[in-house]
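Working notes, structure below.
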Amino acid sequence: MTRHRPPRPPSPFRRTASAVAAGALALAGALALPAAPAAADTAAKGDVIANLWEWNWTSVAAECTNVLGPVGYGAVQVAPPAESLKQPNYYWWDVYQPYSYDLNSRFGTAAQFASMVTACHNAGVKVYTDAVINHTAAQTGTGYNGTTITSKYDTPNWDPADYHTSAQCPTSDLTIQDYANLTQVQNCELLGLPDLKTESDHVRVGIADFLNSQLALGVDGFRVDAAKHIPETDLAAIESKLTDTTSGKDPYVFQEIYPGTTPEPSDYYGTGDVLDFAYASKLKSAFQGSVSDLASISGSGILPAANSVSFVTNHDTERNGLHLSYKDGDTYKLANLFELAYPWSTPTVYASWEWNVSDEAPPNTNGFVNDTDCSGSWYCLDRDKAVSGMVAWHNAVDTAAISDWQTKSSDVIGFGRSGKGFFALNNASSAATYTFTTGMADGTYTNVVDGGTSTVTVSGGSASLTVPAKGAVAFFNGSYTCTVGCDDTGGGGAATVTATFNTYAPTTSGTDVYVVGSIDALGGWDPAKAVKLSSSGYPVWSGQVSVPANASFTYKYLKKDAAGNVTWESNANRPATAAGSALTLNNTWNVASSDATDVTFNVTATTNLGTNVYVVGSVASLGSWNTGDAIPLSSASYPTWSKLVIVPKSTAFTYKYVKKDASGNVTWESGTNRSYTTGSSSGYTTSDSWQ
């Protein structure tokens with residue numbers, strides 16, 4: 001397969017057992033940069049990675065066969081395959097708490113895992129697994145393969161002597177308290193997760209054996225989770241013990257170095273590529289501001305192309321707001337199209353499930369992940385018509401350099417790839433028509449973004465393009481036939497956008513909350529067709545509905561008890577307008593939108609895993625001091641817990657924070673009640689600390 005960057009020179013830490021030492025730890029099979037054919041073969045696999053986060057093995061196998069292979073993806077990134085913590089509440093992060101290195105997990109059996117790898121290889125797609133090797137589980141209990149742990153420092157694979165203790169970690173509770181302190185970051189426990197003593201050769205061998213067991217099944221490489229918490233020298237020592245892949249190559253390694261003061265991403269260039277959080281942040285800034293800024297993205301402080309892997313979002317940053325997510329609608333999709341069009345590092349496309357509460361698990365049955373349903377609760381961006389078209393475009397233009405960059409406005413840009421292809425995007429809410437210098441030979445070309453529905457005529461090297469709102473136009477020097485997602489709305493501006501409804505509504509047992517409104521998607525005011533909301537964040541009920549783009553509608557909430565009796569809100573109908581991107585509507589039962597404002601509660605509070613922080617107060621929207629109706633706060637920016645709450649305007653109230661453990665035990669913060677007064681505007685915030 002071809003790379004979109006030159007091979008790197010060998011590191012002193014990389015193995016030299018094969019004749020391809022100069023490309024060690026690069027993408028498997030990438031030995032050189034062949035000249036592109038005159039007519040590109042878009043079926044050839046490139047370097048694009050599909051990150052099918054927390055899909056089960058059966059679904060990954062099917063996606064490789066039916067989508068990733070035919071489209072031209074080079075690899076698939078899958079979830080951690082080890083047995084992990086299984087707890088009654090089923091959170092997504094359970095899989096980042098390994099119980100054993102057995103490959104029977106919440107995603108399927110070891111046999112299903114092996115079959116998935118084979119199916120992907122048969123489709124020409126490499127497999128990279130998420131390697132959780134810094135730590136094991138913080139919580140005791142039983143895992144998905146039946147492993148029981150009663151002490152977090154005594155597990156099937158490790159003894160207490162294999163973990164860092166107070167001899168290496170200087171903090172009183174062994175957890176990281178100062179993320180600017182390198183010793184704490186690498187020798188203390190991340191969120192209470194037992195930290196493996198990776199300087200020990202015994203531990204290094206054990207980790208390498210775990211990874212080698214996957215390589216023996218055909219795995220081609222690893223995304224190293226929490227890599228910054230492992231010294232680079234330890235990672236190098238572990239990698240030196242890895243076997244070749246079944247294709248005879250060194251496994252490809254790319255590493256998660258989450259943003260922080262220490263260590264630096266560059267410290268890890270010797271042990272593999274590094275996921276570029278700065279790149280994703282620059283994309284969010286540009287697509288929420290001016291896309292004209294993308295002209296200088298290569299010099300904006302992102303990581304070097306030769307040492308990085310790019311992404312638009314991942315499972316952490318889509319939840320904590322650091323980066324764009326599917327909730328940003330077509331803006332998010334457009335950022336992915338740019339990533340595939342711009343020649344930089346190895347690109348990834350993230351596909352996972354739609355969520356209402358940041359901690360919630362993927363759709364599951366008793367914790368075991370259900371088959372992916374792309375017409376249901378999963379957001380399968382990898383198979384979107386515009387994205388799949390751009391994967392083919394990306395492979396066709398290969399390593400061709402940027403040419404003919406044009407900034408038509410703050411929302412419209414276009415650029416060529418030295419005569420091999422041309423790409424233009426429009427981040428505005430209405431279509432835009434401009435004449436672009438393409439650098440392409442005169443002729444008629446297929447627009448891959450809409451699956452070939454439209455064509456582009458180049459005359460005298462130029463083309464007049466009408467770029468759809470929140471859309472793109474792209475064509476290349478070669479033939480293209482849409483193979484996947486050909487009947488969806490593509491990148492030409494979706495017919496619908498996602499509306500997220502959140503409402504604070506305490507209920508009695510057996511009573512559920514629904515949203516109903518003036519449009520068909522909300523039942524046309526028929527309570528029998530109202531959309532049921534999820535109580536997973538109770539007392540906040542949440543749900544997502546695809547509503548028509550660029551349309552206004554009205555809506556209300558209602559409650560239904562077990563007998564089917566309906567209770568409507570008493571306030572006036574709520575108005576809303578859906579523009580060209582996703583929208584979020586935050587409400588409180590019986591508080592009319594015109595009478596309401598919002599307060600985002602922020603409190604710094606450390607907790608043990610399984611314990612969460614809530615806010616409760618004197619007004620009804622804060623539970624009227626009833627801890628059963630307290631508002632659950634999000635831990636996405638831990639140790640800061642946050643939540644936007646709708647409260648009445650121009651109102652004085654008092655409040656406090658409480659903690660609830662997994663058994664429901666409540667701990668109140670000490671001291672007097674906190675007080676707050678809202679005004680007549682919006683966007684209020686608190687900045688509190690639980691001492």
Side-chain angles (χ1 to χ4, degrees), residues 52-61 76-117 127-160 162-163 189-196 198 202-219 222-226 230 238 256 315 359-371 609-610 662:
L52 305 187
W53 190 62
E54 298 213 4
W55 292 36
N56 69 24
W57 306 143
T58 301
S59 297
V60 173
V76 61
Q77 176 188 334
V78 302
E83 180 189 13
S84 62
L85 164 69
K86 183 180 183 183
Q87 57 180 329
N89 293 326
Y90 307 130
Y91 299 121
W92 64 259
W93 40 261
D94 294 347
V95 300
Y96 290 90
Q97 296 198 47
Y99 259 44
S100 76
Y101 291 153
D102 190 283
L103 296 181
N104 291 305
S105 73
R106 78 184 301 178
F107 305 108
T109 65
Q112 289 172 326
F113 176 80
S115 294
M116 175 269 292
V117 175
V127 178
Y128 306 143
T129 66
D130 203 343
V132 184
I133 58 175
N134 169 68
H135 56 261
T136 54
Q139 295 171 259
T140 57
T142 302
Y144 279 88
N145 195 42
T147 297
T148 298
I149 294 177
T150 57
S151 168
K152 71 177 187 177
Y153 298 111
D154 192 2
T155 68
N157 298 98
W158 306 111
D159 296 321
D162 296 322
Y163 295 98
E189 296 179 356
L190 173 66
L191 301 175
L193 297 158
D195 200 65
L196 285 167
T198 49
H202 171 69
V203 172
R204 293 171 175 176
V205 169
I207 292 172
D209 286 347
F210 168 52
L211 300 180
N212 284 335
S213 70
Q214 298 175 52
L215 292 171
L217 295 175
V219 167
F222 307 100
R223 177 255 190 198
V224 181
D225 177 69
I230 306 172
I238 293 167
E256 181 201 26
H315 63 272
D359 284 346
E360 72 183 47
N364 65 87
T365 302
N366 298 323
F368 292 92
V369 176
N370 296 340
D371 290 345
L609 277 173

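- Nearest approach of W92 to R106, heavy atoms of both residues: O-NH1, 4.3 Å.
- Shortest non-hydrogen contact noted between D371 and S59 is CA-OG, 3.3 Å.
- A search for salt bridge (Lys or Arg N to Asp or Glu O under 4.0 Å) contacts involving E189 returns K152, not counting sequence neighbours.
- Taking CG from N134 and CG from L190, the interatomic distance works out to 6.5 Å, rounded to the nearest 0.5 Å.
- For N145 (side chain) and T147 (main-chain N/O), no donor-acceptor pair under 3.5 Å exists by modelled atom type.
- Of the candidates Q139, K86, Q87, Q87 is the only one forming a side-chain hydrogen bond (donor to acceptor under 3.5 Å, both in side chains) with D94.
- A heavy-atom distance below 4.5 Å is found between the side chains of F113 and V219.
- Pairing each heavy atom of L196 with each of Y163, the nearest pair is CD2-CE2, 3.6 Å.
- For E54, there are no salt bridge (Lys or Arg N to Asp or Glu O under 4.0 Å) partners at least two apart in sequence or on another chain.
- For Y144, the ring pair (Phe, Tyr, Trp, His ring centres under 6.0 Å) test picks out F368, with sequence neighbours left out.
- No side-chain heavy atom of W55 sits less than 4.5 Å from a side-chain heavy atom of V78.
- Panel note: side chain H135, backbone Y96; a donor-acceptor pair is recorded below 3.5 Å.
- Note that CG of D162 and CG of D195 are 12.0 Å apart. Values are rounded to the nearest 0.5 Å.
- For the pair S100/N157, a side-chain contact is recorded, criterion being any heavy-atom separation below 4.5 Å from C-beta on.
- At distances below 3.5 Å, at least one donor-acceptor pair connects side-chain atoms of N104 with backbone N or O atoms of A110.
- The closest donor-acceptor contact from the side chain of Q97 to the backbone of A138 lies under 3.5 Å.
- Among residues two or more places apart in sequence or in another chain, the ring pair (Phe, Tyr, Trp, His ring centres under 6.0 Å) test is passed with F210 by Y101.
- Applying the salt bridge (Lys or Arg N to Asp or Glu O under 4.0 Å) test to D130 and every residue at least two apart in sequence or in another chain returns R223.
- Residues F222 and L211 come closest through the heavy atom pair CZ-O, 3.5 Å.
- Between the side chain of E83 and the main chain of G146, a donor-acceptor pair closer than 3.5 Å is present.
- Here the side chains of P362 and W53 are not in contact, with every heavy-atom distance at 4.5 Å or above.
- Side chains of N370 and N56: a donor-acceptor N/O pair is absent below 3.5 angstrom, by distance only.
- Across every non-hydrogen atom of A82 and S105, the tightest pair is O-CB, 3.5 Å.
- Summarising the geometry, atom CD1 belonging to I149 is positioned 8.5 Å from atom CG belonging to L85; distances are rounded to the nearest 0.5 Å.
- Contact check for V203 versus W158: side-chain heavy atoms found under the 4.5 Å cut-off.
- Taking CD1 of I207 as the start and CD1 of I238 as the end, the distance is 4.0 Å to the nearest 0.5 Å.
- In this structure, R204 contributes its side chain and T198 its backbone to a donor-acceptor pair below 3.5 Å.
- Partners of N89 according to the side chain to side chain contact (heavy atoms under 4.5 Å, CB included) rule, which considers only residues two or more places apart in sequence or in another chain, are Y91.
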